[in-house]
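One structure is given below, encoded as structure tokens.
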Protein chains: 2
Amino acid sequence: MARITKKPEERRLEIIKTAEKLFRENGFSNTPVDAIIKEMGVAKGTYYYYFKSKEDVLEAIVEYQLDQLVQMVEQIANDASMDALTKMRLLLSGSHIGDEDTKEVIEQLHLPANRELHEVTNIQTVLKLSPIFAKIVEQGNQENVFNTRYPLETMQFLLTGGQFLLDGGLFNFSEQEIIDRRLAMQEIVEKALGAEPGTFDFMNSTVSEGDKND
Amino acid sequence: MARITKKPEERRLEIIKTAEKLFRENGFSNTPVDAIIKEMGVAKGTYYYYFKSKEDVLEAIVEYQLDQLVQMVEQIANDASMDALTKMRLLLSGSHIGDEDTKEVIEQLHLPANRELHEVTNIQTVLKLSPIFAKIVEQGNQENVFNTRYPLETMQFLLTGGQFLLDGGLFNFSEQEIIDRRLAMQEIVEKALGAEPGTFDFMNSTVSEGDKND
DNA sequence: ATCATATGACTGACCGTCAGTCAAGTATGA
DNA sequence: TCATACTTGACTGACGGTCAGTCATATGAT
């Protein structure tokens, strides 16, 4: 077979991208390593030169995607010119955390037959985002819009609930069930953070594109 | 080999029990079906006579365990002589839902290397327990100790947080981290259910060994 | 410039494990 | 005695992972 050498970083990323695509399409356990290397046109050994197992690339995929997400969230969280509520609105409006790029990335994960991907993603999402959100909560405490005794632990709990129950694709809820749960979640978030009722209305606004004040 | 015929129900349960024990000890993916049948002293075909796949027995294990748990919870929830807070205390005091038997069953699941077991258990636990707890919450609303707009959805969210974050064994928290998170959880639960601060103190009481007269 | 040596990305045949199948055997009850 | 339910274990095929070896390129000495 034609032998094509690439820079390690490039090859590694190529494997990650290819694996991600196939896992998304067919699920993790339904995608043999052989499918990945066939798609890339490389030998089995190449795969195992870069990753020590099949699980290993799963973690790499999640890490890669989460890095993008964390960067974006951190950028907003660290912006000194915004108040806490604005940050929250930016991060939580619409149904997903993130802008179009990230949204796309995250949305792909919600397909079924991807339990393994979901699980790893959910856990890492909670662990990586909670400290960043906790900072915003602390800011909100100082601005007297929130009143939260345990910012980190509270955010971890809230993110876990949101991530696993709604965004994780683990529960097969219908559209209506999701709407109901999001409504309840808004109340819980407001109460848990000690915010005025209605503060997090944007979590349930139907429009995410333009501004619609109804 | 000696051929022993048993009643289907008995055999089925025997497989469930044996599989559960081995999964607990070595993890799901590290336990080949061969190990299960060897432990039982039966042939491969016997296993597949009762279960159509390896995953299948996983679900049966969870279902079996959850049935016990649900029964116990339901019994308390349906007891007309108790007020809502008493029921909550009974169900949530100590660190786990359930009495000694159930506690033992559930605790085993918290070992590492059991992701598959955890995942299925967590989801099913939330789905099956939330409607029962919701009933208690409604009772509490009527008794004016709670004030919750969406009992079912709220309980589902709270159970998800508790189950995945604390009881699921997914996050590798230290003892101290668990204590902190349980503390935060108490506040969230009280706020989410609209209960007075301190109502759920029993969630964080250290007494579980000594005898306590109510 | 030419050749020698080293590096490391890459190859693919091969192996062991393991989930799942199946044809055939044996107990049990009608 | 026949039928049905249960049991057996050899077998298959798929798949994750290994490893001895190949080859392009870089480095450096002559």
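Residue numbers start from 1 in every chain, and the chains themselves are labelled A, B, ... in the order their sequence lines are given, proteins ahead of strands. What you are looking at is a predicted structure, and each value in this text was computed from that prediction instead of being measured.
The side chain of B:A43 sits closest to D:dT8 out of C:dC18, C:dC10, D:dT8. Looking at the side chain of A:T46, the nearest of the listed nucleotides D:dT7, C:dC10, D:dT8 is C:dC10. Taking the side chain of A:K44 as heavy atoms from C-beta on, and the options C:dT11, C:dA13, D:dT7, the nearest nucleotide is C:dA13.
Between the CZ atom of B:F28 and the P atom of C:dT17 there is a distance of 19 Å, given to the nearest Å. The CD-P distance, from B:E14 to D:dC6, rounds to 14 Å in whole Å. Taking atom NZ of A:K7 as the reference point, atom C1' of C:dC10 lies 18 Å away to the nearest angstrom. When rounded to the nearest whole Å, the span between NZ of B:K6 and P of D:dT8 equals 10 Å. Here C:dG8 presents its C1' atom at 16 Å from CD of A:E9, a figure rounded to the nearest Å. As a whole-Å value, the separation of B:N30 CG from D:dG16 P is 15 Å. In this structure, the NZ atom of B:K38 is 15 Å from the C1' atom of D:dG9, given to the nearest Å. When the C1' atom of D:dA5 is taken as reference, atom CZ of B:R12 falls 16 Å away, rounded to whole Å.
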* **Residues B:R11, B:E14; criterion salt bridge (charged side-chain N to carboxylate O under 4.0 Å, His left out); working and verdict** => CA-CA 5 Å; B:R11 223 339 94 84; B:E14 191 187 352; 3.1 Å; yes
* **Pair B:Q75-B:Q71, side chain to side chain donor-acceptor pair (under 3.5 Å): steps then yes or no** => CA-CA 6 Å; B:Q75 201 178 322; B:Q71 260 185 21; over 6 Å; no
* **Stepwise salt bridge (charged side-chain N to carboxylate O under 4.0 Å, His left out) test for B:D34 and B:K44** => CA-CA 7 Å; B:D34 282 343; B:K44 196 78 160 281; 3.4 Å; yes
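Residue contacts for B:T5: at a heavy-atom cut-off of 4.0 Å it reaches the sugar-phosphate backbone alone, with no base atom in range.
A cation-pi arrangement is absent between B:K54 and B:Y47, since the terminal nitrogen or guanidinium carbon is not both under 6.0 Å from the aromatic centre and inside a 45° cone about the axis.
The side chain to side chain contact (heavy atoms under 4.5 Å, CB included) check on B:K135 picks up B:N78, with sequence neighbours excluded.
For the segment residues 47-60 of chain B, residues with any heavy atom less than 4.0 angstrom from an atom of DNA chain C are, sorted by number, B:Y48, B:S53, B:K54.
Residue B:Q139 comes nearest to B:K87 through the heavy atom pair OE1-NZ, 2.8 Å, listed as atom of the first residue, atom of the second, then distance.
Between B:R11 and D:dA5 there is no side-chain N or O to OP1 or OP2 distance below 4.0 Å.
For A:F202 and A:F200, the gap between ring centers is short of 6.0 Å.
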